[in-house]
Amino acid sequence: MSDQPPLRLRFAPSPTGYLHVGGARTALFNWLLARKTGGTFIVRIEDTDTDRNVPGADAKIMDDLRWLGLLWDEGIDVGGPNGPYYQMQRLELYHEVVRRLIAEGKAYYAFDTQEELEARRKQAEAEKKAFKYPRPERFPDESDVKRARLEGRPVVVRFAIPAEDITVHDEVMGDVTVPGAELDDFVILKADGIPTYHLANVIDDAGMKVNFVMRGQEFLAQTPRHIALQRALGYPTPRYAHLPLIMDMKGRKLSKRDGDVEVHSFRAQGYLPEALINFIALLGWSPGADREKMTLDEMVELFSIDRIGKTNPKFDREKLLAFNTDYVGAASEERLQAAYDDFLSVSETSTIARANPDRETRRELLRVCRGFHTFPDIDTKAGFIFVDDAAIQYDPAAVQKVLVKDGGFAMLENLLPLLEKVEVWTTPNLEALLTGICESHGVKMGKVAQPLRVAVSGGTISPAIYDTLVLLGKDKTLRRIRNALAQRS
RNA sequence: GGCCCCAUCGUCUAGUGGCCUAGGACACCGGCUUUUCACGCCGGCAACACGGGUUCGAAUCCCGUUGGGGUCACCA
């Protein structure tokens, strides 16, 4: 195609919890572009915020990525030639770079306390000016550092950013120029000796030979800092593409506060990964031509940067639900079973999961509940099959309407002895019995099925009546009918 | 507030000056199907933020206004 070197892209989450949908989309787009171009997809962990790191979060993120089908070529767990892939394991590298920057006069020590900084920001705000860290006339030397340490002051290192305008050639947003006057001397090494995101990120991208950076738009305004750092260090500047931000339905930036936005919670709530990933792909990207439903392979085929939009999309759960319903309907039996088993293994609320039905029963559940949106709907619709007879809650409205008003109790009395006589409890036999009753009584199936449904489930929601009775079994069915009859007062 | 960015149905979006009477999907509304709940099928409602230009012609180009978002941390 061209003589361009292959693309190297990375997804670099910080280990603060589960992967959320915004991160999943960033990972997806990077993965897609890597696959599309025959490039490399790297995953590294940016764990320089030791206060916020959550132990085990990296494993959770990996688990979520894999569940979504996004596998990486290089990075954590799988290794690679440019590791380590955890920033906290690369501290020496950062320190070396910081020493070099200081030696070259491109960075300097600073000793301000948080309180002092805060006071100056407040003042700048009061004067309606943007706060800019004032660069000292003379950069502190080692003896100043020693004195500061003795005085118990924090010691950080700031980057002396050149006062020049910097233009980011963003492949989504176009050229974005930030005036040099806006840039100030940001911290690159914190008082605890750990680098800030800016420094570590730039060093690692260079060290890992990342030549294409695709990330959320919240980083766009920071990119000039990164470019300035790259220039100071003699690193090449990668290509950049900043993605529009995913917002909630109120137009606020999607945050963990407004409901579950974690990939894992969609998994635990019974969504299919292929539905979730397809839905997420459409947040800020479109293949055009009225195309929506796509497999990961098809997305790879269709993906291109110039079809990434600039406007912030809202995360519409209704549409995601509809996508899932469609995917459930279109999935093969094997695929659906595998996904259902996965759901059962991670769900903490499913009654059916607790009942731990055998494989054949799980298969039947999937069949008789066809048309469901998400896996928990199977609990809603058929969960009563798995609870103790005594735990059945009779819905007063259903009892009143179906059993009292529409003569359901009388029908059940008729039915009970006939059902008791059924030797082989199968759909054909039950069907023959019930349709026979309809004919002899001159009533529609609703008159027979509804009372049975209410009797065995307590309400009006269940799978088709024959499926329900067969799944329930003869004993439970008869017991529940008797229990229902006992409800008559 | 400074700087930066964005702007098509309620939502995700198609649209790159004439093909637009603006297309698709979700939601919503109506109908059909039906032993319940769902599923499904058919139909309908619904948008180029506003104001100026440029042009024979603008959703598409330019300017302004308004609205929204991001960023200005020893967080990423």
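Computed from heavy atoms alone, side chains included, the values below leave out hydrogens, waters and symmetry copies. Everything numeric here is computed off the predicted structure, so don't read it as measured data.
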Subject >> Donor-acceptor pair between A/Asp204 and A/Gln87 side chains, under 3.5 angstrom >> reply: yes
**OP:** Would you mind telling me which of B/A27, B/C74, B/C37 lies closest to the side-chain atoms of A/Leu117?
**Re:** B/C74
**OP:** Would you indicate what A/Glu125 reaches in the nucleic acid, counting non-hydrogen atoms under 4.0 angstrom: base, sugar-phosphate, or nothing?
**Re:** nothing
**OP:** Kindly assign one of parallel, tilted or perpendicular to the pair A/Phe372 and A/Phe375, based on the angle between their ring planes and the thresholds 30° and 60°.
**Re:** tilted
**OP:** Using only side-chain N and O atoms of A/Lys310, determine if any of them is under 4.0 Å from OP1 or OP2 of B/U8.
**Re:** no
Original post:
Do A/Lys319 side-chain and B/A27 base share a donor-acceptor contact under 3.5 Å?
Top reply: no
**OP:** Could you check whether the rings of A/Tyr108 and A/Phe139 sit parallel, tilted or perpendicular, using 30° and 60° as the cut-offs?
**Re:** parallel
**OP:** Check every atom of B/A76, B/U35, B/A73 against the side chain of A/Phe131 and return the nucleotide holding the closest atom.
**Re:** B/A73
Original post:
Is A/Thr48 near enough to B/A76 that one of its side-chain N or O atoms lies under 4.0 angstrom from OP1 or OP2?
Top reply: yes
Original post:
Among B/C72, B/C5, B/G69, which nucleotide sits nearest the side chain of A/Arg225?
Top reply: B/C72
**OP:** If B/C19 has a Watson-Crick or G-U wobble mate with both distances under 3.5 Å, name it; if not, just say none.
**Re:** none
Original post:
What is the base-pairing partner of B/C3, counting Watson-Crick and G-U wobble geometry with both distances under 3.5 Å?
Top reply: B/G70
Original post:
Under 4.0 Å between a side-chain N/O of A/Arg252 and OP1 or OP2 of B/G69, yes or no?
Top reply: yes
**OP:** Test side-chain hydrogen bond (donor to acceptor under 3.5 Å, both in side chains) on A/Thr16 and A/Arg52 and set out the steps.
**Re:** CA-CA 6 Å; A/Thr16 52; A/Arg52 293 194 204 184; over 6 Å; no
Original post:
Looking for any heavy atom pair under 4.0 Å, which part of the strands does A/Gln217 touch: base, sugar-phosphate only, or nothing?
Top reply: sugar-phosphate
Original post:
The side chain of A/Ser286 lies closest to which of these nucleotides: B/C74, B/C72, B/U13?
Top reply: B/U13
**OP:** Pick base, sugar-phosphate or nothing for A/Asn324, based on heavy-atom distances below 4.0 Å to the nucleic acid.
**Re:** nothing
Subject >> Residue matched to B/G43 through Watson-Crick or wobble contacts both under 3.5 angstrom >> reply: B/C29
Subject >> Watson-Crick or G-U counterpart of B/C50, or none if no pair lies under 3.5 Å >> reply: B/G64
**OP:** Give none if B/U35 has no partner; otherwise give the nucleotide forming a Watson-Crick or G-U wobble pair with it, both distances under 3.5 Å.
**Re:** none
Original post:
Is there a donor and acceptor pair closer than 3.5 Å between the side chain of A/Lys381 and the base of B/C37?
Top reply: yes
Original post:
How about A/His226 and A/Tyr197: are their ring centroids closer than 6.0 Å?
Top reply: yes
Subject >> d(CD, A/Glu292; P, B/C26) in whole Å >> reply: 7 Å
Subject >> Residue A/Phe219, side-chain heavy atoms: nucleotide from B/C5, B/A76, B/U35 that is nearest >> reply: B/A76
**OP:** Measure from the side-chain heavy atoms of A/Glu182 and tell me the nearest of B/G15, B/U11, B/G2.
**Re:** B/G2
**OP:** Establish, with yes or no, whether the OP1 or OP2 oxygen of B/C39 is under 4.0 angstrom from a side-chain nitrogen or oxygen of A/His373.
**Re:** yes
Original post:
Does the pair A/Arg99 and A/Glu96 meet the rule for a salt bridge (Lys or Arg N to Asp or Glu O under 4.0 Å), with working shown?
Top reply: CA-CA 5 Å; A/Arg99 279 193 295 273; A/Glu96 188 186 313; 5.3 Å; no
**OP:** Could you tell me whether A/Asp377 contacts a base, only the sugar-phosphate backbone, or nothing, with contacts defined as non-hydrogen atoms closer than 4.0 Å?
**Re:** nothing
Original post:
Could A/Lys293 and A/Phe323 be counted as a cation-pi pair, given that NZ or CZ must be under 6.0 Å from the ring centre and within 45° of the axis?
Top reply: yes
Original post:
What is the distance from CD1 of A/Ile465 to C1' of B/A38, rounded to the nearest Å?
Top reply: 15 Å
Quick one: which protein N/O atoms are closer than 3.5 Å to N/O atoms of nucleotides 17-23 of chain B? Pair and distance per line, please.
residue: B/G23; atom: O2'; partner: A/Asp290; partner atom: OD2; Å: 3.4
residue: B/G23; atom: N2; partner: A/Asp290; partner atom: OD1; Å: 3.0

Original post:
The side chain of A/Glu318 lies closest to which of these nucleotides: B/A38, B/A76, B/A27?
Top reply: B/A27
Original post:
Is the distance between the ring centroids of A/Phe29 and A/Phe303 less than 6.0 Å?
Top reply: yes
**OP:** Report the nucleotide, chosen from B/U71, B/U8, B/U36, that has the shortest atom-to-atom distance to any side-chain atom of A/Thr311.
**Re:** B/U8
Original post:
Between B/U11, B/A27, B/A73, which nucleotide has the shortest distance from any of its atoms to the side chain of A/Met249?
Top reply: B/U11
